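Taking it in order: structure first as structure tokens, then the write-up.
A quick note: this is a predicted structure, and the numbers were derived from the prediction, not measured. Order of the sequence lines sets the chain letters (A, B, ...), proteins ahead of strands, with each chain counted from 1.
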Protein chains: 2
Amino acid sequence: MKKLIEKHRKLGLKVTPQRLAILKYLDGNKNHPSAEDIFREIKKEYPTVSFATVYNTLQALRDKGEINEVTIDWEKKHYDPNPKPHHHIICTECNKIGDVFKDYSEALRLPGNIAEEFKPVRNHINFYGVCRDCQKKEKRRN
Amino acid sequence: MKKLIEKHRKLGLKVTPQRLAILKYLDGNKNHPSAEDIFREIKKEYPTVSFATVYNTLQALRDKGEINEVTIDWEKKHYDPNPKPHHHIICTECNKIGDVFKDYSEALRLPGNIAEEFKPVRNHINFYGVCRDCQKKEKRRN
DNA sequence: TTCCAAGTTTAGAATAATTCTAAATTAGGA
DNA sequence: TCCTAATTTAGAATTATTCTAAACTTGGAA
């Protein structure tokens, strides 16, 4: 709590109550919330909070490298407070997102012809699959 | 031309003039056009064509597996008439998209813990980099 | 060749995530 | 305590995409 505040002051971010609420909500959160998820949560404590505040804060945190924008869901961005690079898997049935902590970088060399056209900087793997819950539902249907 | 028509009739798609124009525009196109790119092109020949037609056709083709939706650009979808699975690289400066034809699937095993939670079905790698033109521009600026 | 049902096209409205605006407020260093 | 730069807010704007419902076409069948 104190640490959260100090950490963000040091980053040059003013710590407003709304921001603090967002920081607390994100801290350690493994659910890959969307901006709306965050907005709804913060609204409970600060009923007048606006979407702009949520987006502003998320952008500031992203620019400071504190959070990752997750773009595996075409519908909307999700936010991941784990700034360590990693990959994601999404359930094609329910859109649940999971983390994939494994460094594949050795294997991800670009073929020569395209390496001439582009200087690669980073990469991200999107895995698509079916989560446990949806596998169960599938079975029930059959 | 004749082949394009026959091929799509066989897929159960009615071949209208607008569709044929879209098919011809996409055939062999390596530029990863967006829906708007396609719309603007078709509009030259069919000034009353609507976005709905472009999107309908693209969806039909996608559902038949004839084209791939490319989602590497968060701003908008792009369309790739090469139905063979492959990966993409996007220039972080100008959003130009390139194809990466290499099968990485052997290397992309999921770690055990996440494999218990999700049954993987497919994957797609997004590479981010800087294209030749933008590398040149960068140099000029320095 | 003609007919017709199912599929397609169209203009425009609707949707939804995100960004912008400009005025009011607040954090936090001096 | 003050002050300025950053932040918040409500609401409007933006943008890609989807939806709607009426009019029109396609292509197989009679």
Check: B:Leu11 main-chain N/O paired with B:Lys64 side-chain donor or acceptor under 3.5 Å:
yes
Test ring pair (Phe, Tyr, Trp, His ring centres under 6.0 Å) applied to B:His32 and B:His78, B:His86, B:His88, the passing residue:
B:His88
Taking 4.0 Å as the cut-off, does a side-chain nitrogen or oxygen of A:Gln18 come that near to OP1 or OP2 on D:dT9?
yes
Here's a test of your reading of the structure: between B:Tyr55 and B:Pro17, which maps to the more 5' nucleotide of DNA chain D?
B:Tyr55
Counting only non-hydrogen atoms, which of residues 31-53 of chain A are less than 4.0 Å from DNA chain D?
A:Thr48, A:Val49, A:Ser50, A:Ala52, A:Thr53
Please report, rounded to the nearest Å, how far the P atom of C:dT19 is from the CG atom of A:Asp63.
11 Å
Taking the side chain as C-beta and beyond, is there a heavy-atom pair between B:Lys119 and A:Gln135 under 4.5 Å?
yes
Check: A:Asp37/A:Ser34 side-chain N/O donor and acceptor closer than 3.5 Å
yes
Rounded to whole angstroms, how far apart are NE2 on A:His78 and C1' on C:dT18?
14 Å
State, with a plain yes or no, whether a side-chain heavy atom of A:His87 is found less than 4.5 Å away from one of A:Asn123.
yes
Distances for protein N/O vs nucleotides 3-7 of chain C N/O pairs under 3.5 angstrom?
unit_1 : atom_1 : unit_2  : atom_2 : d
C:dA6  : N3     : B:Lys14 : NZ     : 3.1
C:dG7  : O4'    : B:Lys14 : NZ     : 3.4

Nearest-angstrom distance from the residue atom CG of A:Asn56 to P of C:dT21
13 Å
So what does B:Glu69 touch, heavy atoms closer than 4.0 Å: a base, only the sugar-phosphate, or nothing?
nothing
Closest non-hydrogen atom pair between B:Val15 and B:Ile5, with its separation
CG2-O, 3.9 Å
Rounded to whole angstrom units, what separation is found between the NZ atom of A:Lys76 and the P atom of C:dT15?
16 Å
Might you confirm whether atom NZ of B:Lys7 has over 12 heavy atoms from other residues, nucleotides or ligands at distances under 6.0 Å?
no
Under 4.0 Å between a side-chain N or O of A:Thr16 and OP1 or OP2 of D:dT7?
no
Give me the atom names and distance for the closest heavy-atom approach of B:Pro17 to B:Tyr46.
CB-OH, 3.4 Å
Round to a whole Å and report the spacing from NZ of B:Lys77 to P of D:dT15.
19 Å
Winner on side-chain proximity to B:Val15, out of D:dT17, D:dG27, D:dT9, is D:dG27
A:Leu61 side chain near A:Leu23 side chain, heavy-atom distance below 4.5 Å:
yes
Please report the distance, rounded to the nearest Å, between CG in B:Leu58 and C1' in D:dA16.
13 Å
What is the distance from CH2 of B:Trp74 to P of D:dA16, rounded to the nearest Å?
14 Å
Could you give the NE2-to-P distance, from A:His8 to C:dA27, as a whole number of Å?
17 Å
